[in-house]
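A quick write-up on the structure given underneath.
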Amino acid sequence: MSVVESQVSIQLPDGSVKQFPAGATCRDVAAGIGAGLLKAAVAAVVDGVVVGLDYVLPLGQPVALQILTKKDPAALGVMRHSCAHVMARAIMRLRQGTRLAFGPTIEGGFYYDFELAEPLTDNDFPAIEAEMRRLIALDEPFERLERSLDEAIQLCQDLDQPLKVEHLQSGLAEHEQVSFYRQGEFLDLCRGPHIPSPKWIGAFKLLSIAGAYWKGDQSRQVLQRVYATAFFTQEDLDAHLQRIEEAKRRDHRVLGRQLGLFHIDDMVGQGLILWTPKGSIVRQELQDFISQHLKRQGYSQVFTPHVGKLDLYRTSGHFPYYQDSQYPPLIDRDQLAALAEEGCDCAKLSDLMKSGDIDGYLLKPMNCPHHIKIYQSQPRSYRELPLRLAEFGTVYRFEQSGELGGLTRVRGFTQDDAHLFVRPDQVADEIRGCLELVKIVFAAMGMEDYHVRVGLRDPHSDKYVGSDENWQQAEAACREAAATLGKPFSEEPGEAAFYGPKIDFVVRDCIGRHWQLGTVQVDYNLPERFDLSYTGSDNRPHRPIMIHRAPFGSMERFVGVLIEHFAGVFPLWLAPEQVRLLTVSEKSVDYAQQVEAEFRAAGLRVSSDYRGEKLGGKIRDGQLEKVPYMVIIGPRDAEAGTVSVRDRHEGDLGAMPVAAALQRFVDEIREKRVRQVAQLAPPPEQTVVANEY
RNA sequence: GCUGCUGUAGCUCAGUGGUAGAGCACUUCCUUGGUAAGGAAGAGGUCAUGGGUUCAAGUCCCAUCAGCAGCUCCA
């Protein structure tokens, strides 16, 4: 063995190379660099992999090594996972017989899944937190143990941890060696890495409790998941909790009620949105905006009904493929009566419906079948294509009750839908046109924070319709078009629609949830199912290709996301109430009414506050109701023919002639100016370290 | 759909098995004022719904409905 091979050789981030004797750990390296670094060291990165300080460095070839301190985003992830161990240890001490599942680091914190005889509630949090604080104060080190697979299985059996045993036998069966981490009496199967000791856990808090299926499988038992977070300092934790509070305040469900934008009523039904006058204005402005662009791009507006016969959806595939997520069909009254007469039970009825032996109507789950029938209503020539049919079409889907919430997941919603019937040579251009529209919409809202996802077929699933060849063509077309966007995009198998691949636009809301908004989908299958054709220049029939697209997704979801995006402060052109007139006292009401009439005649959405309140109180009310402009009118204004304009963002702008104020408002509306997008302070950076097997 | 929590005035929320509460909003009166809360009085309730326990239930138990968090799903 040469000298080089019997030594550890490392390269530090500054490029310098150092040698250490065999068996050296990352801690030894830190110590070799300096006592200060040794004291500050939390973990290390070796050749790009985050490891603990006790990691024994390999002999031979030099490795890149970086010591992590709490300033490094990856260190936060390591510490949080260690805190998850402390939490699990505390719960096991408080609850005998607790079975451990998984406890990874996630964005913003960590969780741990448990199987317990008696469920935990958040009333248990103080006791758990107190026990955790006690355990942290003991400052016992995290100690790594390596075991062979068989030893590990035996160990977990001895520890009475059946979930860990199962995981070792199934998920980790191909591993020869696995690792455990010990802290005091607590021993847990874990890949690591961990912080050296819990003294690094500066501040933590248990946040919530929820159910989660074992291994994410709906057919397995439900475990209890405890969510929590941890930071190196109390200040960071406080800031984090403050961000959560701030995010709650701009939740569209909260703002929607405060600002009177929409209402959901038990008597109408779950997930069915009632648009109030104010919310309707926002929606109508958006629809008008998109309609303008549709006209420019050569779309034809159509209207179709809310129901269609079952056969239509049998042909399209919606009824057989997605029965569970549809409202049950509406059945012909006489047919139903006749069946009842025969003593037909519900199960039989359901079978008859499936087999097509009785007919009925379905609340439409999608608009495409209706649009297809418009296409088919007359013979089509290649000269007519592309035919672009657009509709603000309302569709109904019976989403699982646990999924519903606010405007973002509902049972009835209106898509800004369109279907393009195109020749093969037009597909690429038309997809690009659709993407262009999406870009226009997002740019108009000042929405920069979205990502593009190309949804492909899951090769292992059989939920898709159509030939392999069609799918390959369509997927290639989507990839190609997405590449022209100039934004990085991800390819995600399993995210395709059942009839074709798609390009989705995904945004994040204020509490970190991701929502799919706009979508563009290429479809070779529905044209085939409906036997669509057009006459080509060769005077022979050809099959068109369909493109489904909805740049807003649905009006409901889009408005919900917009409420949060603007934190309820809409740009002037969208604001339900654009200008509010406030009188300084009742002496100025007559003049204010003249101004009000003038503003209204110019098309502004004006309201007035002529109450006998003091001006400060009226301003406060207007500000809380997020009115973009308040126009204050007092005796001085009546005298001079002016108004005093108060801008929600900038405050008092001073007195100006009525015409000047009007011009300002009209210009801002015409330009659809977006003046301010609400930003939440960014959280401290954390790299999520994969610390679960 | 699953697990857990919650449901009291329009809103935000107190409420110990024994007479239903507060703040804000609302109505009326007083106040007539210049850029984030002037004062007073009044009105407002089937304590989500349906059962049960109890002399007595907003409070304890069960079911249903709905909301929230998460899981699973999302054409």
Side-chain angles (χ1 to χ4, degrees), chain A residues 106 111 113 116 119-124 207-227 248 251 253-254 257-258 260 264-267 269-271 313 316-326 364-369 395 397-406 408-411 415 455 463-465 495-500 502 511 513 515-516 519 521 523 525-526 548 582-589 611-624 630-637 644-648 651-655:
Chain A
I106 53 171
Y111 67 78
D113 286 347
L116 295 136
L120 286 170
T121 73
D122 45 16
N123 294 329
D124 299 310
L207 296 175
S208 65
I209 204 154
Y213 299 106
W214 170 229
K215 296 204 164 182
D217 183 344
Q218 211 170 348
S219 65
R220 305 297 301 268
Q221 73 266 44
V222 176
L223 307 172
Q224 280 212 299
R225 175 170 297 179
V226 180
Y227 284 91
K248 275 187 196 158
D251 187 315
R253 293 165 294 192
V254 174
R257 188 189 304 111
Q258 275 168 10
I264 302 169
D265 196 287
D266 280 0
M267 208 180 259
Q270 258 186 307
Y313 301 103
S316 69
H318 293 106
F319 184 63
Y321 284 89
Y322 288 98
Q323 252 191 98
D324 290 346
S325 44
Q326 288 158 6
K364 67 177 172 187
M366 285 191 117
N367 299 304
C368 24
V395 298
R397 299 181 189 176
F398 195 78
E399 304 284 4
Q400 294 182 36
S401 62
E403 302 307 330
L404 300 170
T408 37
R409 196 78 190 265
V410 294
R411 282 185 173 161
Q415 298 177 303
K463 75 168 189 176
Y464 306 100
V465 297
E495 289 293 320
F498 77 96
Y499 48 73
K502 54 184 191 172
I511 45 184
R513 295 170 302 190
W515 296 106
Q516 181 201 310
T519 181
Q521 309 174 359
D523 179 7
N525 290 310
L526 286 180
H548 308 239
L582 313 184
T583 43
V584 172
S585 78
E586 286 169 6
K587 287 175 187 159
S588 309
V589 170
R611 290 175 302 168
E613 282 295 325
K614 291 181 83 166
L615 183 58
K618 296 187 191 183
I619 287 174
R620 181 169 189 276
D621 290 343
Q623 204 75 10
L624 291 177
M630 284 181 261
V631 164
I632 286 128
I633 291 168
R636 294 207 296 265
D637 296 293
S644 297
V645 177
R646 184 188 168 92
D647 179 322
R648 198 190 134 77
D652 188 5
L653 301 180

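Since the structure is predicted, the reported quantities are computational estimates derived from the model, not experimental observations. In what follows, chains are A, B, ... by sequence order, proteins preceding strands, each numbered from 1.
- In this structure, A:Glu495 and A:Ser644 both approach RNA chain B, and ranking their closest nucleotides by distance from the 5' end singles out A:Ser644.
- A donor-acceptor contact under 3.5 Å links the side chain of A:Glu586 to the base of B:rU32.
- When both pairing distances are held under 3.5 Å, B:rC74 makes no Watson-Crick or G-U pair with any nucleotide shown.
- No N or O donor and acceptor, one from the side chain of A:Tyr213 and one from the base of B:rG70, sit under 3.5 Å apart.
- Shortest non-hydrogen contact noted between A:Asp652 and A:Gly654 is OD1-N, 2.8 Å.
- Annotation: B:rU49 and B:rC30 have their C1' atoms spaced 45 Å apart (nearest Å).
- Counting non-hydrogen atoms under 4.0 angstrom, A:Gly317 reaches nothing in the nucleic acid.
- In terms of heavy-atom proximity, A:Gln415 sits nearest to A:Arg397 at NE2-NH2, 3.8 Å.
- B:rA69 is paired with B:rU3 under the criterion used here, namely a Watson-Crick or G-U wobble arrangement in which both key atom distances are under 3.5 Å.
- Across the strands present, B:rA43 finds no partner; the criterion is a Watson-Crick or G-U wobble pair with both atom distances under 3.5 angstrom.
- Look at the P atom in both B:rG10 and B:rA48: the space between them is 13 Å, to the nearest Å.
- Taking the six-membered ring for Trp and thresholds of 30 and 60 degrees, A:Tyr313 and A:His318 have ring planes more than 60 degrees apart, a perpendicular arrangement.
- The A:Gln218 side chain lies nearest to B:rG1 when the options are B:rG1, B:rU35, B:rG33.
- Nucleotides B:rC29 and B:rG34 place their C1' atoms 25 Å apart, quoted to the nearest Å.
- The listed nucleotides are B:rA75, B:rU72, B:rU35; the one nearest the side chain of A:Glu403 is B:rU72.
- Of the C1' atoms belonging to B:rG15 and B:rU3, the separation is 29 Å, rounded to the nearest Å.
- Considering only side-chain atoms of A:Glu399, the nucleotide from B:rC74, B:rG4, B:rA36 that sits closest is B:rC74.
- Side-chain to base pairing of A:Arg409 with B:rC73: one donor and one acceptor N or O lie within less than 3.5 Å of each other.
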Please enumerate all protein N or O atoms sitting under 3.5 Å from an N or O of nucleotides 10-17 of chain B, with distances to 0.1 Å.
unit_1	atom_1	unit_2	atom_2	d
B:rU12	OP1	A:Arg257	NH1	3.0

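- The nearest heavy atom of RNA chain B to A:Gly617 and to A:Gln521 marks one nucleotide each, and the one closer to the 5' end goes with A:Gly617.
- Stacking here means ring centres nearer than 5.5 Å and ring planes tilted less than 30 degrees, and by that measure A:Phe498 does not stack onto B:rA75.
- When the P atom is used for both B:rU35 and B:rG21, the distance is 41 Å, rounded to whole Å.
- B:rA25 is unpaired under the criterion used here, namely a Watson-Crick or G-U wobble arrangement in which both key atom distances are under 3.5 Å.
- When the P atom is compared between B:rG38 and B:rG50, the two are found 43 Å apart, to the nearest whole Å.
- Taking only side-chain atoms of A:Gln400, from C-beta outward, the nucleotide of B:rA36, B:rU32, B:rG1 with the closest atom is B:rG1.
- The partner of B:rU32, taking Watson-Crick or G-U wobble pairs whose two distances both stay under 3.5 Å, does not exist in any strand shown.
- A heavy-atom distance below 4.5 Å is not found between the side chains of A:Gln516 and A:Glu495.
- Nearest nucleotide to the side chain of A:Leu624, out of B:rU35, B:rA36, B:rG4: B:rA36.
- Pairing for B:rU16 is absent, judged as Watson-Crick or G-U wobble with the two contacts each under 3.5 Å.
- Base pairing of B:rU53: no nucleotide in any strand meets the Watson-Crick or G-U wobble criterion (both distances under 3.5 Å).
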Do any N or O atoms of the protein come closer than 3.5 Å to N or O atoms of nucleotides 22-29 of chain B, and which pairs are they?
none

Detail all sub-3.5 Å separations between protein N/O atoms and N/O atoms belonging to nucleotides 58-69 of chain B.
unit_1	atom_1	unit_2	atom_2	d
B:rA66	OP1	A:Gln270	OE1	3.0
B:rA66	O2'	A:Asp266	OD1	3.4
B:rG67	OP2	A:Gln270	NE2	2.6
B:rC68	OP1	A:Arg253	NH1	3.2
B:rA69	OP1	A:Arg253	NH2	2.8
B:rA69	OP2	A:Arg253	NH1	3.1

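- Put simply, the side chain of A:Asp122 and the base of B:rG4 share no donor and acceptor less than 3.5 Å apart.
- Residue A:Gly616 is in sugar-phosphate contact alone, with no base atom involved, counting any heavy-atom pair closer than 4.0 Å across all strands shown.
- Here A:Lys587 reaches the OP1 or OP2 of B:rG33: one of its side-chain N or O atoms lies under 4.0 Å away.
- Distance noted for atom C1' between B:rG17 and B:rU53: 12 Å (whole Å).
- The gap from the C1' atom of B:rC24 to that of B:rA14 amounts to 15 Å, rounded to the nearest Å.
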